[in-house]
Amino acid sequence: MTSPPRPPRPRSRSAPTRREFLWQVVAAASASACGGVAGGTEGTGGDSTSTTTGTSTEAAPTTTDAPMTTGTTGEPALPGPPFTLGVASGDPLTDRVILWTRLAPDPLAGGGMPEAAIAVAWEVASDESFAEIVASGEAIAEPTFAHSLHVDAAGLQPDSWYFYRFRVGDYTSPIGRTRTLPAPDSAPERLRLASASCQRFTTGYYTAYAHVAAEDLDLVLFLGDYIYENGDSGPVRSHMSEECRTLLDYRNRYALYRGDGQLQAAHHRFPWAVIWDDHEVDNNYVADISSVDDPDFLARRTAAYQAFYEHMPIRVEPPTPEGLAIYRKFSWGDLAELFLLDTRQYRTDQLCMDEPGEDCGELETEDGDMLGPEQEAWLTAGLTTSPAIWKLIAQQIVFSKVDFSGLLINWDQWDGYPKARQRLLDFFAAEELANVVILAGDLHVGGMADLNAIAGDSNAPVVAVEIVTTSITSSSETDVPPETIEQLVTTIPQIKHFNAHSRGYVSVDVTRTELRARFMIVDTIEAETSAIETEAELVVLAGVAGIQVP
């Protein structure tokens with residue numbers, strides 16, 4: 001998408017971002033005493049059946065205890081153990097799943113691999129000892145994609161768990177665990193997933209992921225900000241480099257994050273479905289427009305998109321300078337359909353120079369677009385035809401109306417695009433869709449809210465609910481106590497739970513009769529291990545509008 005150039009913005013990079021927005025609300029709203037605050041996967045091109053970085057062959061399913069192949073001969077020797085970034089799987093179908101790894105003996109210095117294609121053997125087994133191998137093959141790790149692999153392991157059974165591994169030369173990867181989707185015509189009893197977002201490396205340890213790995217899940221859903229692009233150091237760790245701008249910068253940043261053992265453990269345990277937000281490229285960017293005047297931004301975005309592709313177990317075509325299409329959907333039999341959106345790449349520019357505050361005079365004539373026409377049509381068509389009991393919409397930013405009667409508007413979330421939001425709410429109501437649940441992240445807070453047919457109007461019927469997951473580590477530095485912001489936000493009647501002070505994730509248990517959200521909060525992110533508690537547990541009943549509050 002090509003957009004008109006954004007005028008240079010007066011703010012500097014040290015200016016508050018939208019993550020600090022809620023805390024700024026307190027400062028302004030408190031001055032007015034707060035009382036006035038009133039089966040398969042389908043993407044942009046249809047069914048996607050095969051995505052492999054480099055070249056790969058799909059072997060017919062086999063049952064054998066023969067040793068693994070070691071790849072073709074005549075390749076350069078590896079300078080060290082290559083599986084430093086672990087393994088991962090994602091975007092499953094009923095008969096296949098994407099298996100990922102990257103060969104990187106020196107991960108923080110570009111990978112440390114020779115400039116040559118390397119053959120890598122892969123295996124999938126029904127048991128952890130690999131006595132019953134059901135699929136195997138050889139893939140080529142190419143330097144063009146940083147020696148990463150996206151193996152589309154086919155020939156699998158629906159609704160089944162598997163183990164997988166890679167081997168190159170004398171090196172064998174860690175063992176990963178993954179699963180396939182239930183058959184399209186099946187009637188599953190349950191889907192268990194965890195939603196997570198915002199894992200700034202410098203702010204804390206990935207303590208929550210140890211607990212994610214211990215859960216009994218089918219899928220991990222990551223809602224954006226897998227990496228942070230800036231060059232800061234934090235109270236616990238450092239990015240150890242300047243802000244990312246080149247492909248090498250972004251590759252090294254992903255390697256830094258993916259080298260974390262707790263993050264690797266969660267990837268090894270379950271398949272993931274991943275979408276991005278802004279920090280995978282640049283804070284608050286929109287389409288091909290940077291948050292500050294940057295004439296080289298499109299080249300920077302292209303590099304960032306490629307590094308994202310190289311490091312995610314994602315079923316999409318490789319990126320081009322025109323972009324990377326990541327919106328897609330997954331069907332869990334007739335129980336649930338999960339739509340993954342991109343609210344960053346196709347939207348129009350934010351209003352009012354993207355400075356949180358009152359309307360600068362642009363809102364009355366606002367005609368902004370969040371999803372872009374093609375993606376929005378794809379979403380509404382999919383929702384209309386979905387036979388699933390639950391329609392789950394995974395996207396990056398807060399959908400609920402939280403503009404405090406126009407006192408302070410966050411132009412980067414759905415509050416800044418009210419017509420686009422109302423268009424979706426009108427669609428939910430007109431189609432009489434039942435059991436629509438929107439999952440969001442971004443603001444480093446946790447919460448759950450009813451969504452009315454008219455945004456923010458508690459007298460209008462409830463047509464959906466929203467679950468917002470807090471961050472894994474990211475926080476906003478502020479002198480305002482979190483308790484103060486919590487007292488303010490919970491005056492909004494649609495909000496049934498809100499937490500501005502904790503880190504963690506949301507565990508979502510979906511059955512044929514209810515959806516249960518557990519807000520899981522760790523005691524600290526300043527230590528690599530921590531206790532965890534269920535801070536809140538809320539329920540949505542199938543066929544019943546709104547959240548059931550205990």
Side-chain angles (χ1 to χ4, degrees), residues 1-11 17-18 21 44 224 275 277-278 281-293 297-298 301 322-323 325-327 339 341-384 393 395-431 433 436 438 440 442-443 451-457 460 463-464 466:
M1 175 179 178
T2 301
S3 305
R6 169 187 284 171
R9 294 188 172 182
R11 72 173 187 268
T17 69
R18 69 185 182 280
F21 166 74
T44 57
I275 52 179
D277 191 18
D278 57 338
V281 181
D282 182 36
N283 179 56
N284 277 31
Y285 87 95
V286 169
D288 55 2
I289 308 171
S290 64
S291 62
V292 295
D293 190 25
F297 179 70
L298 187 57
R301 192 191 77 165
E322 286 69 43
I326 66 165
Y327 60 90
F339 298 84
L341 305 185
D342 180 354
T343 61
R344 187 57 55 183
Q345 189 176 182
Y346 307 107
R347 69 159 90 175
T348 53
D349 199 6
Q350 301 103 332
L351 300 180
C352 297
M353 302 299 290
D354 196 21
E355 290 288 350
E358 295 185 80
D359 179 22
C360 63
E362 297 180 359
L363 194 57
E364 184 176 350
T365 57
E366 180 269 335
D367 195 22
D369 203 349
M370 180 65 80
L371 302 178
E374 183 177 336
Q375 183 181 195
E376 186 171 326
W378 169 85
L379 173 63
T380 55
L383 289 168
T384 300
I393 301 173
Q395 51 90 57
Q396 296 80 356
I397 52 178
V398 173
F399 191 88
S400 299
K401 183 179 174 67
V402 286
D403 65 355
F404 301 93
S405 300
L407 178 64
L408 282 170
I409 303 170
N410 184 343
W411 302 105
D412 193 68
Q413 66 188 43
W414 285 90
D415 274 343
Y417 298 77
K419 290 183 181 177
R421 175 174 57 194
Q422 190 58 51
R423 195 161 57 239
L424 284 182
L425 292 172
D426 291 343
F427 170 78
F428 297 160
E431 294 294 321
L433 297 177
V436 176
I438 295 177
D442 179 59
L443 281 186
L451 298 173
N452 300 100
I454 300 173
D457 184 353
V463 294
E466 180 173 31

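Counting heavy atoms from C-beta on, the side chains of Q422 and D426 come closer than 4.5 Å. Between E366 and K419, the closest side-chain pair of non-hydrogen atoms falls below 4.5 Å. Within the 4.5 Å cutoff, side-chain heavy atoms of P418 are placed close to those of L363. With contacts defined as side-chain heavy-atom distances shorter than 4.5 Å, the pair E376/F427 does not qualify. Looking at heavy atoms from C-beta onward, L341 lies in side-chain contact with W378 at the 4.5 angstrom threshold. Residues D403 and L408 have side chains not in contact (no heavy-atom distance under 4.5 Å, counting atoms from C-beta outward). Between N410 and I397 there is no side-chain heavy-atom pair separated by less than 4.5 Å. Using a 4.5 Å heavy-atom threshold, the side chains of L424 and T380 count as touching.
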Give the C-alpha distance, both sets of side-chain angles, the deciding distance and a yes or no for side-chain contact (heavy atoms from CB on, under 4.5 Å) between L425 and F399.
CA-CA 10 Å; L425 292 172; F399 191 88; 3.8 Å; yes
Pair D342-Q375, side-chain contact (heavy atoms from CB on, under 4.5 Å): steps then yes or no:
CA-CA 8 Å; D342 180 354; Q375 183 181 195; 3.9 Å; yes
Applying side-chain contact (heavy atoms from CB on, under 4.5 Å) to Q413 and V402, what does each step give before you reach the verdict?
CA-CA 10 Å; Q413 66 188 43; V402 286; 3.3 Å; yes
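Note that CD of Q350 and CD1 of I289 are 8.0 Å apart. Values are rounded to the nearest 0.5 Å. The CE atom of M370 lies 10.5 Å from the CZ atom of R423; values are rounded to the nearest 0.5 Å. Here OH of Y285 is found 8.0 Å from CG of D277. Values are rounded to the nearest 0.5 Å. Taken from CG in L351 to CD1 in I409, the straight-line distance is 8.5 Å, to the nearest 0.5 Å. With values rounded to the nearest 0.5 angstrom, I326 atom CD1 is found 6.0 Å from I275 atom CD1. Interatomic distance, E466 CD to L451 CG, rounded to the nearest 0.5 Å: 5.5 Å.
Under 3.5 Å, the side chains of D442 and Q396 contain no donor-acceptor pair of N or O atoms. Side-chain atoms of W414 and Q395 include a donor-acceptor pair closer than 3.5 Å.
We find that D412 and R347 are joined by a salt bridge, their nearest charged nitrogen and carboxylate oxygen being less than 4.0 Å apart. Ionic pairing of K401 and D415 is not present here: no N-O contact between side-chain nitrogen and carboxylate oxygen is shorter than 4.0 angstrom.
Ring-plane geometry between Y346 and Y327 is classed as perpendicular, the angle between the planes exceeding 60 degrees on a 0 to 90 degree scale with a lower cut at 30.
Side chain of S291 to backbone of N284: no donor-acceptor contact under 3.5 angstrom is found. With hydrogens and angles disregarded, no donor-acceptor distance shorter than 3.5 Å links the side chain of N452 to the backbone of I454. Without hydrogens or angle criteria, T348 side chain to D369 main chain gives a donor-acceptor distance under 3.5 Å.
The minimum heavy-atom distance between A460 and A453, with the atom names listed, is CB-N, 4.0 Å. Of all non-hydrogen atoms in V436 and V463, the two that sit nearest each other are CB-O, 4.2 Å.
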